[in-house]
Novice: 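Please see the structure below; I have some questions.
Computed over heavy atoms, backbone and side chain alike; hydrogens, waters and symmetry mates excluded. Chain A is the first sequence line, chain B the second, and so forth, proteins listed ahead of strands; every chain is numbered from 1.
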Amino acid sequence: MDYKPQQIEKKWQDAWRTSRAFEVTEDPARPKFYCLEMFAYPSGHAHVGHVRNYMIGDVVARMKRMRGFNVLHPFGWDAFGLPAENAAIKSNTHPETWTLDNIAHMKGQLQRLGISYAWEREIATCLPDYYRWNQWLFIRMFERSLAYRRRSTVNWCPSCQTVLANEQVVDGGCWRCGTPVTTRELEQWFFRITSYADELLDAIAKLDEWPEKVLTMQRNWIGRSEGARVRFALAGPPQSPSPDPIEVFTTRIDTIYGATFVLLAPEHPMVERFAQESADPAAFRASVNRFRSQDRTARMTGEVEKEGFDTGRKTINPFTGAAVPIWVANFVLVEYGTGAVMGVPAHDERDYEFARKYNLPIQVVVRPPDGPTPDVEKMTEAVSNDGVLVNSGPFDGMTSDAAREALTAEAVRRGIGEGTVQYRLKDWGISRQRYWGTPIPMLYCDKCGIVPVRDEDLPVVLPKTAEFSGRGDSPLAQIPEFVNAICWKCGGPAKRETDTMDTFVDSSWYFFRFCDPKNDAMAFEPAKATYWGPVDFYSGGIEHAILHLIYSRFFTRVFRDLGMVGMDEPFQRVLTQGMVLRNGQVMSKSKGNVVDPDDMIQKFGADALRVYVTFVAPPEKEIEWTDAGLEGSFRFLARVWRLVDAVCDTIAGDGIPAPTGTDLDESERALRRKTHDTIRRVTQDLDPRVHLNTAVSALMELVNELYQFCDRPGRSIAVRRGETAAPAGVVERKETVAVLKEAVEALVLMLSPFAPHMSEELWERLGHTGGIAATAWPEYDAEVAKAEEVVVPVQINGKVRARLTVPAGTSDDDLQVLALADRQVQVHVKDKPIKKIVVVNGGKLVSIVV
RNA sequence: GCGAAAGUGGCGGAACUGGCAGACGCGCCGGACUUAGGAUCCGGUGACCGAAAGGUCAUUGGGGGUUCGACUCCCCCCUUUCGCACCA
């Protein structure tokens with residue numbers, strides 16, 4: 001009977017569905033395991049890149065289930081977002097229709113892959129029974145000042161016509177479409193993620209099962225730097241003096257005696273005031289505007305040449321007492337620190353470049369710890385390392401470290417500054433001027449101001465009818481029935497907020513909803529989230545290293561502080577899987593290089609596809625798709641199939657005792673050894689390591705060994721076609737049958753996470769009922785796996801010159817004697833004196849030096 | 001520029017704590033079976049010698065070092081990928 005994957009796969013997928021094989025409930029008696037792959041954006045069609053991610057999780061889930069864990073393995077849809085709305089504009093469908101159709105299609109694709117999902121827990125974030133809890137949480141955050149509204153300059157994508165969070169600006173472009181980002185002034189809702197900045201940063205140290213790379217990215221993203229704010233008073237007036245000082249942020253207050261100018265960002269509020277107070281405000285503004293209009297992206301990434309212009313005003317260096325000029329500089333960022341910096345050209349590269357260009361004074365105030373004070377005349381670049389202070393009055397001779405402390409203390413004493421911690425991380429702007437998202441549940445009442453919607457009035461349902469203009473004004477604002485509401489506080493008229501939430505809100509807590517997905521009284525029951533959480537194994541793309549993974553860590557803390565979950569971190573272990581490329585490029589519709597899993601299933605079956613994507617490379621690595629590789633995986637499965645087909649009648653059924661150590665001949669002992677060694681290797685490769693590729697190769701080796709075993713002369717169970725051929729009536733030794741049964745069954749069980757359909761079918765044909773999913777993982781017996789004879793290589797001067805075959809456990813002394821007696825060894829040693837002889841690691845190898 | 005990771009046959013990759021480099025698969029070559037095979041099975045696949053057993057040499061980006069022994073550890077260099085990129 002040939003291997004025909006399609007019928008088998010259909011049969012078992014149906015069986016799993018009807019028996020609800022992967023549905024679970026909390027069971028305190030068993031260890032839990034929460035296995036999750038990043039849920040999918042329903043873009044239309046799953047491609048093999050998705051398949052790879054889901055396979056990694058499914059292999060882990062199925063293996064853990066067999067190893068006795070209560071495994072939660074759910075799936076859902078990150079269903080709000082722009083493409084649905086764009087599709088609606090383009091093809092005149094409703095975003096909901098488009099989304100739900102895509103979900104239906106992709107769900108079918110995933111089901112044809114035989115992934116062991118608890119489908120009853122499926123969620124879609126675009127449905128009110130999900131997003132109402134976004135709204136609920138938003139209100140809780142509002143009550144705690146974790147959600148607030150302010151007018152601010154925001155990142156704007158002209159193509160998507162919406163605001164972007166800082167995290168969503170990648171290389172100055174939109175994370176989704178790459179269009180260069182511009183700015184706008186808008187009233188926006190923000191989540192105060194910065195309240196958790198320290199905690200998010202400190203806890204990174206405890207995430208020891210996350211990829212180092214992701215942690216580094218998060219550390220950089222949070223970007224904590226310790227420094228000081230110092231206020232520089234304005235110097236006497238050309239015209240009218242301003243009382244407000246200029247506050248700068250610096251991490252190098254130790255160099256403040258060298259601050260010979262102060263730089264303002266073009267957007268700094270003081271700049272406009274200086275313009276007003278200047279002799280020629282128009283000319284002043286023109287100069288500033290030249291910088292402001294410079295390409296924002298280029299300015300941010302330092303591609304633009306450093307330029308500035310003198311405001312004509314001066315400020316007093318509070319430590320030297322000198323009046324120093326105030327310049328506007330295009331490279332100073334308004335959004336970082338205070339938007340103003342002190343210029344210390346001797347010790348900062350940018351300031352040095354700027355000072356040289358505009359001929360500003362340079363004052364050295366730090367010398368190297370073991371060298372002389374640099375001579376300004378001979379300097380060709382700034383000396384930015386820490387050192388020892390000079391030309392710094394009473395602080396001379398202090399190290400930079402000590403000086404930072406002393407100078408900060410002095411600033412505090414004089415009331416002109418204080419130590420501070422500055423983060424790169426900004427609060428998360430979540431307002432989006434688009435339709436297809438969660439309505440922000442807020443009312444604006446003329447009398448009462450900003451009023452949150454009452455819990456009992458949730459959800460604020462997204463209206464079905466809306467104009468999708470794509471023009472950048474919120475579509476919801478065009479719907480009077482939506483906008484006009486009653487303020488529940490005063491009963492007067494109120495307007496609804498018409499922006500929707502960033503879809504990253506949806507994905508920041510969905511893993512908790514999976515713990516209790518049908519709950520319509522609360523987001524989830526705390527006890528359930530606490531039973532299942534945190535996610536033990538989470539796999540997905542590296543592109544979420546900062547966005548999704550940092551927001552989720554933030555939300556988990558918010559839920560914790562609401563008393564909803566008993567954990568700080570959402571994900572115990574994170575695996576970032578490599579992408580699937582074709583012709584060296586990411587698969588995408590526009591490039592026309594998408595491999596549709598359904599085509600592959602049609603040709604080779606889901607099991608072959610599953611084996612291929614797990615075998616071809618380690619999960620973290622990128623892979624290049626090849627059809628030949630997939631065929632190879634199919635061949636392997638067909639080989640397993642033929643093997644089991646050939647031996648099935650011999651080994652199926654009860655009454656075959658488990659093999660024991662005694663009475664086995666050499667080939668039988670060898671096979672048992674291989675079986676148990678394979679169990680050990682595969683088990684360790686899957687848990688705790690997730691080396692799926694080497695686990696598959698271990699199984700391949702076992703199959704090769706089984707072919708050899710069955711094909712030994714005289715066996716009746718030869719699998720080679722045309723040689724079935726042992727003399728009629730040959731009956732195998734009962735020991736042979738027992739050993740073979742053990743090997744084949746272990747093989748089928750261990751193959752089942754990779755090729756579940758075929759394995760179930762073979763398991764059934766081997767006479768078992770109840771299904772593999774409910775069968776225990778094979779146990780490894782170290783005694784059996786132990787080799788009886790070992791081959792010990794003998795090295796002479798580092799090169800292997802002989803191999804000794806000796807019984808396991810031969811003593812070191814005996815090995816030395818045997819090695820020296822070996823003919824090959826003697827040939828190489830000849831009459832050279834032996835300098836040293838070493839037996840390593842309990843008889844693994846003999847090393848002779850002559 | 002800064003930081004991190006990586007570099008192994010024709011290709012994907014393996015080698016766990018420093019101990020037989022190249023497992024497993026793809027591809028290729030040969031053979032068996034066959035009317036036929038792009039199916040299947042067996043064997044080979046760094047170079048050279050040999051019919052074979054076997055032998056000799058080379059070898060993990062390059063150079064140096066530590067060690068009885070280095071893909072693995074240390075130093076320098078080269079290349080690639082990724083991340084950050086005027087953050088004061």
Side-chain angles (χ1 to χ4, degrees), chain A residues 2 171-172 211-217 219-221 223-225 227 248-253 255 263 299-304 306 329-333 335-344 347-351 353-354 384 422-424 542 545-546 611-612 615-618 620-624 626-633 635-636 638-639 642 681 684-685 689 691 693-704 707-708 711 718-723 791-803 824 827 835-841 844-850:
Chain A
D2 286 342
D171 291 335
E212 196 49 49
K213 181 181 178 162
V214 172
L215 299 180
T216 305
M217 285 167 75
R219 257 187 221 108
N220 292 340
W221 189 259
R224 180 189 155 101
S225 58
V248 302
F249 172 71
T250 178
T251 55
R252 292 296 307 273
I253 194 173
T255 65
L263 299 173
R299 248 184 82 197
M300 291 284 288
T301 54
E303 283 158 22
V304 167
K306 288 176 185 45
N330 63 345
F331 64 91
V332 178
L333 307 172
E335 60 268 31
Y336 187 75
T338 60
V341 299
M342 61 184 204
V344 186
H347 306 292
D348 180 281
E349 267 176 54
R350 295 153 299 182
D351 297 345
E353 199 185 317
F354 195 78
S384 51
Q422 187 68 42
Y423 296 95
R424 234 188 67 128
I542 184 73
I546 31 192
V611 169
Y612 170 66
F615 171 64
V616 66
E620 294 87 349
K621 277 200 75 157
E622 278 184 348
I623 60 174
E624 171 71 28
T626 61
D627 288 353
L630 176 58
E631 284 172 44
S633 298
R635 270 202 293 275
F636 164 63
R639 203 165 141 82
R642 280 191 300 276
R681 283 171 62 191
Q684 288 177 0
D685 276 353
R689 304 159 88 191
H691 292 196
N693 54 329
T694 50
V696 175
S697 39
L699 292 172
M700 288 173 167
E701 280 184 52
L702 179 59
V703 171
N704 291 344
Y707 267 67
Q708 299 289 332
D711 278 339
V719 289
R720 267 195 268 174
R721 203 165 105 184
E723 285 185 41
V791 176
V792 179
V794 182
Q795 287 183 345
I796 297 169
N797 289 348
K799 291 196 171 177
V800 177
R801 296 296 184 183
R803 293 187 167 80
Q824 275 300 327
V827 167
K835 279 201 212 148
K836 193 167 182 181
I837 177 161
V838 189
V839 180
V840 261
N841 294 359
K844 246 180 164 176
L845 177 140
V846 181
S847 184
I848 300 171
V849 191
V850 297

Novice: Under 4.0 Å between any heavy atoms, over every strand shown, what does D351(A) touch: base, sugar-phosphate, or nothing? Just pick one.
Specialist: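 No contact at all - D351(A) keeps every heavy atom at 4.0 Å or more from the nucleic acid.
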Novice: With Q795(A), which of V838(A), V846(A), L845(A), I848(A) fulfils side chain to side chain contact (heavy atoms under 4.5 Å, CB included)?
Specialist: L845(A)
Novice: Any luck finding a side-chain donor-acceptor pair between R639(A) and N704(A) under 3.5 Å?
Specialist: yes
Novice: State which residues pass side chain to side chain donor-acceptor pair (under 3.5 Å) with D627(A); sequence neighbours excluded, sorted by chain then number.
Specialist: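 Partners of D627(A) by the side chain to side chain donor-acceptor pair (under 3.5 Å) criterion, ordered by chain and then number, come out as W625(A).
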Novice: Does R639(A) make a side-chain N or O approach to OP1 or OP2 of C42(B) shorter than 4.0 Å?
Specialist: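 Yes, because at least one side-chain N or O of R639(A) sits under 4.0 Å from OP1 or OP2 of C42(B).
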Novice: Is D685(A) salt-bridged to R681(A), cutoff N-O under 4.0 Å?
Specialist: no
Novice: Can you check whether R642(A) has a side-chain N or O nearer than 4.0 Å to OP1 or OP2 of C41(B)?
Specialist: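 Looking at the OP1 and OP2 atoms of C41(B), one of them is under 4.0 Å from a side-chain N or O of R642(A).
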Novice: List in chain and number order the residues that pass ring-ring contact (aromatic ring centres under 6.0 Å, His included) with F249(A), two or more places apart in sequence or in another chain; answer none if no residue qualifies.
Specialist: none
Novice: Can E620(A) and K213(A) be counted as an ion pair, charged N to O under 4.0 angstrom?
Specialist: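 No, E620(A) and K213(A) are not salt-bridged.
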Novice: Nearest to the side chain of Y707(A), heavy atoms from C-beta on, is which of G83(B), C41(B), A88(B)?
Specialist: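 Between G83(B), C41(B), A88(B), the one nearest the side chain of Y707(A) would be C41(B).
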Novice: Using only side-chain N and O atoms of Q708(A), determine if any of them is under 4.0 Å from OP1 or OP2 of G43(B).
Specialist: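 So the side chain of Q708(A) is within the cut-off, an N or O lying under 4.0 Å from OP1 or OP2 of G43(B).
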Novice: Taking only the P atom of each, what is the distance from A23(B) to G10(B) in whole angstrom?
Specialist: 14 Å
Novice: Heavy atoms only, 4.0 Å cut-off, all strands: where does R801(A) land among base, sugar-phosphate and nothing?
Specialist: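 It contacts sugar-phosphate atoms only.
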Novice: At under 4.0 Å between heavy atoms, how does the protein contact nucleotides 3-19 of chain B? Give one character per nucleotide, 5' to 3', with B, S or -.
Specialist: ---------BSSSS--B
